[in-house]
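Presented below is the structure to which this report refers.
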Number of protein chains: 2
Amino acid sequence: MANTRENLVHTAMQLFAEKGYHSTSIADILTTAGVNSGSLYHFFPGKQDLLVAVLDAYLQGIQEMLLKPAWQGVKDPVERVFSLLSTYRELLVSSDFFYGCPIGNLALELHEPDPAVREKLEANFTAWRDAVAGCIREAAVEKRVSLDADALATMVLAVMEGGVMLSRTYRDVSLHDVTVVELRNLFERAGLQGVTR
Amino acid sequence: MANTRENLVHTAMQLFAEKGYHSTSIADILTTAGVNSGSLYHFFPGKQDLLVAVLDAYLQGIQEMLLKPAWQGVKDPVERVFSLLSTYRELLVSSDFFYGCPIGNLALELHEPDPAVREKLEANFTAWRDAVAGCIREAAVEKRVSLDADALATMVLAVMEGGVMLSRTYRDVSLHDVTVVELRNLFERAGLQGVTR
DNA sequence: GTCTATACCCTGATAGAC
DNA sequence: GTCTATCAGGGTATAGAC
């Protein structure tokens, strides 16, 4: 592997998403990445520092890894929001409810995260909310309505996280779908989409 | 302690809520409960069976431990829903964002729960949704509106879980509050409460 | 049902040659 | 930067007397 550090971060990102932070051992990461213990501890003081690097990779990659694919071919700002939600739906279904939101998983697994970790979790949520708020603001201008875009974007994230949690637990995508329908109702009430949609 | 089994379940309930499942060791539980290893393994084959018993205790106690206190002195069915949400708000604030929803925490910490565990998580969510759906149905009759009470109750749970996740991560109750305001908007749109509230 | 002692494994992390 | 070997501690679970 050309870049050992990137290899470790990428491998840990995958394993943390699959099994969670505590259930992923250093040995797991080392064997999966094909890297030796000494190399990992050359780059990272400890496991938690690797976690911070993983959360930073999510943050740096939100545009290319998440938003760009989700918004491919979608121009309407409101539909971009719902296209983002569809990405999580697709992830749930195609993985047979194995994958959910990796950030949300970590946010609830780590009950008292170190400040560095908590700040990276927060930064990821903020980047997501800001992206959605941007869509909402754009739509509000188009539709000539006045609203609190940040508040609605926070609601979108909360609904996504809650809906994914429920669908994963029930192993049934309909719970996610129900929350999206209710969210559409909320967008309609805000004047962001037509009643006939 | 009169009842060792109950003592263990109660202690584990507390510790799982505080630290999560993986971060709570058997030794933690034993010393906190003041019980010896042999006693625990007399009642439970292993740690996971204790978890199932904990989830069952939540399920059995939802009326007395959660709903009854939350609905104390609240008659209006719509306000009962929001009073339930206030309970979680109070928990967040009074614990300085240490406690959230114990069921939601476990649902996301355990990525591939054993069927017995997953079913108990699901049962807890279902009991919660059913309680809220009951309120919504009652309100719908009063207000003479037609709606899908189960769908709206699912939305309420998703919003609560997502809102609690965000407020805990940001250590800021305003994110939870924002989602509750948006939920009120949704209830208003459904004809369940007046526009002036 | 409860007690003590302990087996046995896996954990994160380190040492030091290369 | 990478390698092998290994440590010290904590993890779940068990054994067997009482």
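Labels below follow one simple rule: chain letters A, B, ... track the order of the sequence lines, proteins then strands, and each chain is numbered from 1.
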If you draw the axis of the six-membered ring of A:Tyr170, does the NZ or CZ of B:Arg129 fall within 45° of it and under 6.0 Å from the ring centre?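 That pair qualifies as a cation-pi contact.
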
Fit a plane to each ring of A:Phe82 and A:Phe187, take the angle between them on a 0 to 90° scale, and name the class: parallel (under 30°), tilted (30 to 60°) or perpendicular (over 60°).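 Rings of A:Phe82 and A:Phe187: perpendicular, as their planes differ by over 60°.
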
Separation of [N] [atom2] from [X] [atom1] (nearest whole Å):
{"X": "B:Leu30", "N": "D:dA13", "atom1": "CG", "atom2": "P", "value": "11 Å"}
{"X": "A:Leu40", "N": "D:dT4", "atom1": "CG", "atom2": "P", "value": "15 Å"}
{"X": "A:His42", "N": "D:dT2", "atom1": "NE2", "atom2": "P", "value": "7 Å"}
{"X": "B:Phe44", "N": "D:dT14", "atom1": "CZ", "atom2": "C1'", "value": "18 Å"}
{"X": "B:Asp49", "N": "D:dT12", "atom1": "CG", "atom2": "P", "value": "14 Å"}

Check this for me: does any side-chain nitrogen of one of [X] and [Y] sit under 4.0 Å from a carboxylate oxygen of the other?
{"X": "A:Arg189", "Y": "A:Glu182", "value": "no"}
{"X": "A:Lys120", "Y": "A:Asp56", "value": "yes"}
{"X": "A:Asp150", "Y": "A:Arg137", "value": "yes"}

Determine, stepwise, if the pair B:Tyr99 / B:Glu18 fulfils side-chain hydrogen bond (donor to acceptor under 3.5 Å, both in side chains). CA-CA 7 Å; B:Tyr99 290 107; B:Glu18 285 174 11; 3.1 Å; yes

Along nucleotides 3-18 of chain C, 5' to 3', which nucleotides get a B, which get an S, and which get a -, given that the test is a protein heavy-atom distance under 4.0 Å? BBB-----SSBB----

